[in-house]
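This is a predicted model, so every value here is computed, not measured. Hydrogens, waters and symmetry mates are skipped; everything else that's a heavy atom, side chains included, is used.
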Amino acid sequence: METETAIPWLSDAEQCAWRTYLDVQRLLTYQLEKDLQPFGLTNNDYEILVNLSESAERRMRMSDLAAATLQSKSRLSHQITRMENAGLVRRENCESDRRGLYAVLTDHGMETMQKVAPHHVDSVRRHFIDQLSPEALTGLHTSMRPIAEHLRGLRGKP
């Protein structure tokens with residue numbers, strides 16, 4: 001019979017840091033979403049618009065967009081359907097792969113992105129950037145970068 005390795009409980013300082021991170025992540029996501037509501041967008045909508053607006057020819061394969069936004073293909077498909085109905089994106093067949101589809105940012109989607117982006121940046125600045133000193137912001141980036149790299153390395157692994 002194998003003996004389970006005991007996992008050490010979080011120290012008070014570790015617990016405090018972890019719970020503060022969770023609190024900030026939830027509250028910031030909530031606030032940024034709330035600030036997008038007047039434009040009829042969700043955080044997921046905005047993330048898709050950003051990805052498409054920064055892509056060559058304002059288009060991405062659906063599978064690549066799903067990976068970039070950490071959504072299942074099924075969930076992304078429903079999201080794209082809603083965004084198609086709003087005229088923000090359209091689907092196009094992939095010439096090189098009959099089963100492949102592209103999500104393409106429409107002109108209306110690009111205009112929406114250009115209209116909303118300054119408001120979103122202002123929201124990020126007010127609720128995140130301006131709450132930290134330049135030194136704290138640098139420290140946060142330095143602290144979070146190894147975690148992001150670790151988690152990116154796990155993507156696609158069982």
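Shown here is F39, whose CZ atom has more than 12 heavy atoms of other residues, nucleotides or ligands within 6.0 Å.
Under a 4.5 Å side-chain heavy-atom criterion applied to ILVMFWY residues, the cluster that includes L27 comprises that residue alone. With a 4.5 Å cut-off between side-chain heavy atoms of Ile, Leu, Val, Met, Phe, Trp and Tyr, the cluster of V121 takes in none. Connectivity analysis of hydrophobic side chains (ILVMFWY, heavy atoms under 4.5 Å, direct or indirect) links L70 to nothing; its cluster partners are none.
Separation of atoms OG1 (T69) and CE (M60) is listed at 8.0 Å; rounding is to 0.5 Å. Note that the CG atom of L10 and the CH2 atom of W18 stand 9.0 Å from one another [nearest 0.5 Å].
One finds a salt bridge joining D122 and R126 here, because a Lys/Arg side-chain nitrogen approaches an Asp/Glu carboxylate oxygen to under 4.0 Å.
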Taking distance alone, no hydrogens or angles, what donor-acceptor pairs closer than 3.5 Å link side-chain atoms of residues 29-37 to residues at least two apart or in another chain?
residue: T29; atom: OG1; partner: Q25; partner atom: O; Å: 2.8
residue: Q31; atom: NE2; partner: D35; partner atom: OD1; Å: 3.0
residue: E33; atom: OE1; partner: N43; partner atom: N; Å: 3.2
residue: E33; atom: OE1; partner: N43; partner atom: ND2; Å: 3.0
residue: D35; atom: OD2; partner: S123; partner atom: OG; Å: 2.6
residue: D35; atom: OD2; partner: H127; partner atom: NE2; Å: 3.1

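Residues meeting the side chain to side chain donor-acceptor pair (under 3.5 Å) test with S11, sequence neighbours left out: E14. R125 pairs by the salt bridge (Lys or Arg N to Asp or Glu O under 4.0 Å) definition with D130, not counting sequence neighbours. Here N51 pairs with nothing under the side chain to side chain donor-acceptor pair (under 3.5 Å) rule; sequence neighbours left out. Take D107 and apply the salt bridge (Lys or Arg N to Asp or Glu O under 4.0 Å) test, not counting sequence neighbours, and it matches R58. Evaluation of the salt bridge (Lys or Arg N to Asp or Glu O under 4.0 Å) rule for R90 yields E92 as partners, not counting sequence neighbours. For T81, the side chain to side chain donor-acceptor pair (under 3.5 Å) partners are R91, not counting sequence neighbours. The salt bridge (Lys or Arg N to Asp or Glu O under 4.0 Å) test applied to D64 returns no partner, not counting sequence neighbours.
Residue pairs that meet the ring-ring contact (aromatic ring centres under 6.0 Å, His included) test with at least one member in residues 49-108, sequence neighbours left out, do not exist here.
Using a 3.5 Å distance cut-off with no hydrogens or angles, the side chains of R19 and Q15 do pair a donor with an acceptor. A donor and an acceptor atom, one from each side chain of D45 and T42, are located under 3.5 Å apart.
Checked by atom type and distance alone, the side chain of S77 never pairs as donor or acceptor with a backbone atom of K73 at under 3.5 Å.
When side chains are defined from C-beta on, N93 counts as touching L101, because their heavy atoms get closer than 4.5 Å.
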